[in-house]
Peer 1: 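The structure follows.
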Amino acid sequence: MIVHCPDCEQPLIEFDPGSGNYHCSNPVCNFQYMELMTGKKHRKSTKYEEIETKSSISNLDKKPKRILVGLAIESTLVTMGHSIFDKVTAKLKEEYNANVFDCLDNPQYLKKILEKNFDSNIRAVMIKSVKTILGEFAYYESIREFLDKLSDKD
Ligand SMILES: [Zn+2]
């Protein structure tokens, strides 16, 4: 009797005669074996692989955005004056051991520093400038979130 793999249609093989377990020998098929007595089907779990692939894609995807956000902040600060640039980057380093490229993941760093060290007018100009630079990238969710958190009033 020939049993075919329900996934790839290849004939299944009973490795241990009499065991009733029919294995798919196709290496690229996710189907492992079928217990003929009970009809139970066993497949390779692909969950772990899927999760891993997804998270590595999103990490890869985040790196250029970190740079983008960092450069937007840097460019804004430099435009506003080198003393402002120096102050903010020094505070990031001093208080969080961070730099502008860490701000995508930690918008609160920049937000707190701006709140502590600059009045609301200067803050508003800075945030507006960062938003203007990043505006055209706001279709990326991570950038949208960053901008939302930066201008959040709490
Ligand atoms: Zn198969």
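These values consider heavy atoms only, across backbone and side chains, with no hydrogens, waters or symmetry-generated copies. Whatever order the structure lists ligands and atoms in, that order sets their numbers, starting from 1.
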Peer 1: Not counting sequence neighbours, which residues clear salt bridge (charged side-chain N to carboxylate O under 4.0 Å, His left out) with Lys40? List them please.
Peer 2: none
Peer 1: Given Glu14 and Asn21, is the side-chain contact (heavy atoms from CB on, under 4.5 Å) satisfied, shown in steps?
Peer 2: CA-CA 6 Å; Glu14 192 180 26; Asn21 294 342; 5.9 Å; no
Peer 1: Which residue pairs satisfy the side chain to side chain donor-acceptor pair (under 3.5 Å) criterion with at least one member in residues 116-125, sequence neighbours excluded?
Peer 2: Glu95-Lys116
Peer 1: Please walk me through it: do Asp7 and Arg43 pass salt bridge (charged side-chain N to carboxylate O under 4.0 Å, His left out)?
Peer 2: CA-CA 10 Å; Asp7 288 9; Arg43 287 183 173 83; 2.6 Å; yes
Peer 1: Take the Zn ion (ligand 1) as the centre and count protein N, O or S atoms at distances under 2.8 Å.
Peer 2: 4
Peer 1: Is there a donor-acceptor pair closer than 3.5 Å between any side-chain N or O of Asn106 and the backbone N or O of Gln108?
Peer 2: no
Peer 1: Under 3.5 Å, sequence neighbours excluded: what are the donor-acceptor pairs made by side chains of residues 68-86?
Peer 2:
residue: Thr76; atom: OG1; partner: Ala72; partner atom: O; Å: 2.9
residue: Thr76; atom: OG1; partner: Ser129; partner atom: OG; Å: 2.7
residue: Thr79; atom: OG1; partner: Ser75; partner atom: O; Å: 2.6

